[in-house]
Protein chains: 2
Amino acid sequence: MNIGTASERSNLPSKTIRYYEEIKLVKPARAQNGYRDYCDADIHRLRFLQRSRSLGFSIEECRTLLSLYEDKNRASSDVKALALEKITEIDRKVEELQGLRNTLHALAENCHGDDKPDCPIIDDLARKF
Amino acid sequence: MNIGTASERSNLPSKTIRYYEEIKLVKPARAQNGYRDYCDADIHRLRFLQRSRSLGFSIEECRTLLSLYEDKNRASSDVKALALEKITEIDRKVEELQGLRNTLHALAENCHGDDKPDCPIIDDLARKF
DNA sequence: GCTTGACCTTCCAGTGACTGGAACCAACAT
DNA sequence: ATGTTGGTTCCAGTCACTGGAAGGTCAAGC
């Protein structure tokens, strides 16, 4: 199976798939013409990567997950630990973003948003500490 | 004022300050010995940048905000528009993160997290579409 | 048989916003 | 005179791709 088909089936751009090969995440066979030749197991790995990346795992975390996936003797606790860690990380990020959001919102509330140069948002950014 | 002092006063690492000079955000004078020499207005700009960056504006947005800040005839509506756009963007990001969080949470809930290889998180990542 | 176009290959450069490190120069305390 | 601290420049690395150039391959249509 050529890379174009692999791309369609995994929902990943060809460029990304080549990149994943470069960093040794997926190693397809090569056809005689030099084209990459993906088997079903490769597609499976690619989809696994697509999904775990979209769930916010970093490439290195995906590498770990993939090896856990392929380790028949893995402990589910290892995977759970990674997931829980990720949840904490997401919670932290959400909190931070909501803080920013609230600050910006408060500033925008106080800004009449007209033609005049008077602007509390700018004033806040420029405030002395 | 040397870069070290500027760094303390603006709460930005020296490296970052030099980088901001490279991309033409802050252009300090130079002392005779070649050292960067920051005046109060420079510090003001640096703090403005520190604060707007920490509020989640990109460098290019900061550049815009800075020019609006220094434009005595700016309309406050211009600034407000940028802030509101940023809020929308943050809301989108928060929603996305919460989606991820919920998915991960649901998966972790169903995972007993023991020594056995059985793991619903991995199963989900590996699921066929 | 030839051309066209889609698809594949490699390799190099760029993104954003820094960060780390090497090699060197300046200022100041002891 | 020497050591420490703090400047300077420049180059490389980060993360996870993405874009583009230059060229090879394949199937279809004329």
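Only this structure's heavy atoms are used, side chains among them; waters, hydrogens and symmetry mates stay out. Convention: sequence-line order gives letters A, B, ...; per-chain numbering from 1.
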Expressed in angstrom and rounded to an integer, what is the separation of [X] atom [atom1] from [N] atom [atom2]?
{"X": "A/E60", "N": "D/dC15", "atom1": "CD", "atom2": "C1'", "answer": "10 Å"}
{"X": "A/I59", "N": "D/dT18", "atom1": "CD1", "atom2": "P", "answer": "11 Å"}
{"X": "A/L49", "N": "D/dC17", "atom1": "CG", "atom2": "P", "answer": "9 Å"}
{"X": "A/R63", "N": "D/dC15", "atom1": "CZ", "atom2": "P", "answer": "11 Å"}

TODO: Would you indicate whether A/D91, at its atom CG, is surrounded by more than 12 heavy atoms from other residues, nucleotides or ligands within a distance under 6.0 Å?
DONE: yes

- [ ] Taking atom CG of B/D115 as the centre, report whether more than 12 heavy atoms of other residues, nucleotides or ligands fall under 6.0 Å from it.
- [x] no

- [ ] Using five base pairs at each end, measure the axis-to-axis angle across the helix from C/dG1-D/dC30 to C/dT30-D/dA1 and round it to 10 degrees.
- [x] 30°

Task: Distance (rounded to the nearest 0.5 Å) between A/L100 CG and B/K86 NZ - done: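 Between atom CG of A/L100 and atom NZ of B/K86 there are 10.0 Å.
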
TODO: Could you check if a side-chain atom of A/I17 sits within less than 4.5 angstrom of a side-chain atom of A/S10, using non-hydrogen atoms only?
DONE: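 Result yes, sub-4.5 Å side-chain heavy-atom pair found.
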
Open item on the list: With heavy-atom distances below 4.5 Å as the criterion, would you say the side chains of B/I59 and B/L25 are in contact?
Closed with: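 Yes - at least one pair of side-chain heavy atoms lies under 4.5 Å apart.
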
Task: Nucleic acid contacts - residues 17-36 of chain B versus DNA chain C, non-hydrogen atoms under 4.0 Å - done: B/Y19, B/Y20, B/N33, B/Y35

Open item on the list: The criterion is side-chain contact (heavy atoms from CB on, under 4.5 Å); which residues satisfy it with A/E60, sequence neighbours excluded?
Closed with: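 Per chain and number, A/E60 pairs via side-chain contact (heavy atoms from CB on, under 4.5 Å) with A/S58, A/R63.
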
- [ ] List for me each residue that meets side-chain contact (heavy atoms from CB on, under 4.5 Å) alongside A/Q98, sequence neighbours excluded, and say none if there are none.
- [x]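 Scan of A/Q98 (side-chain contact (heavy atoms from CB on, under 4.5 Å), adjacent residues dropped) gives A/V94, B/V94, B/Q98.
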
Open item on the list: Over all strands shown, is B/S14 touching base, sugar-phosphate only, or nothing at heavy-atom distances under 4.0 angstrom?
Closed with: nothing

TODO: Report the residue (B/F57 or B/K15) whose heavy-atom-nearest nucleotide on DNA chain C is the more 5′ of the two.
DONE: B/F57

- [ ] For the residue pair B/D114 and A/S76, confirm or rule out a side-chain donor-acceptor distance under 3.5 Å.
- [x]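 Short answer, yes.
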
Open item on the list: Could you check whether B/E95 pairs with A/R101 (Lys NZ or Arg NE/NH1/NH2 to Asp/Glu carboxylate O, under 4.0 Å)?
Closed with: no

Task: Lys/Arg N to Asp/Glu carboxylate O, A/E21 vs A/R18, below 4.0 Å - done: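 No, no charged N to carboxylate O under 4.0 Å.
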
Task: Partners meeting ring pair (Phe, Tyr, Trp, His ring centres under 6.0 Å) with B/Y20 (sequence neighbours left out) - done: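 By the ring pair (Phe, Tyr, Trp, His ring centres under 6.0 Å) rule, B/Y20 matches no residue at all.
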
Open item on the list: Under 4.0 Å from a heavy atom of chain A: give me the 5'-most and 3'-most nucleotides of DNA chain C that qualify.
Closed with: C/dC7 to C/dC11

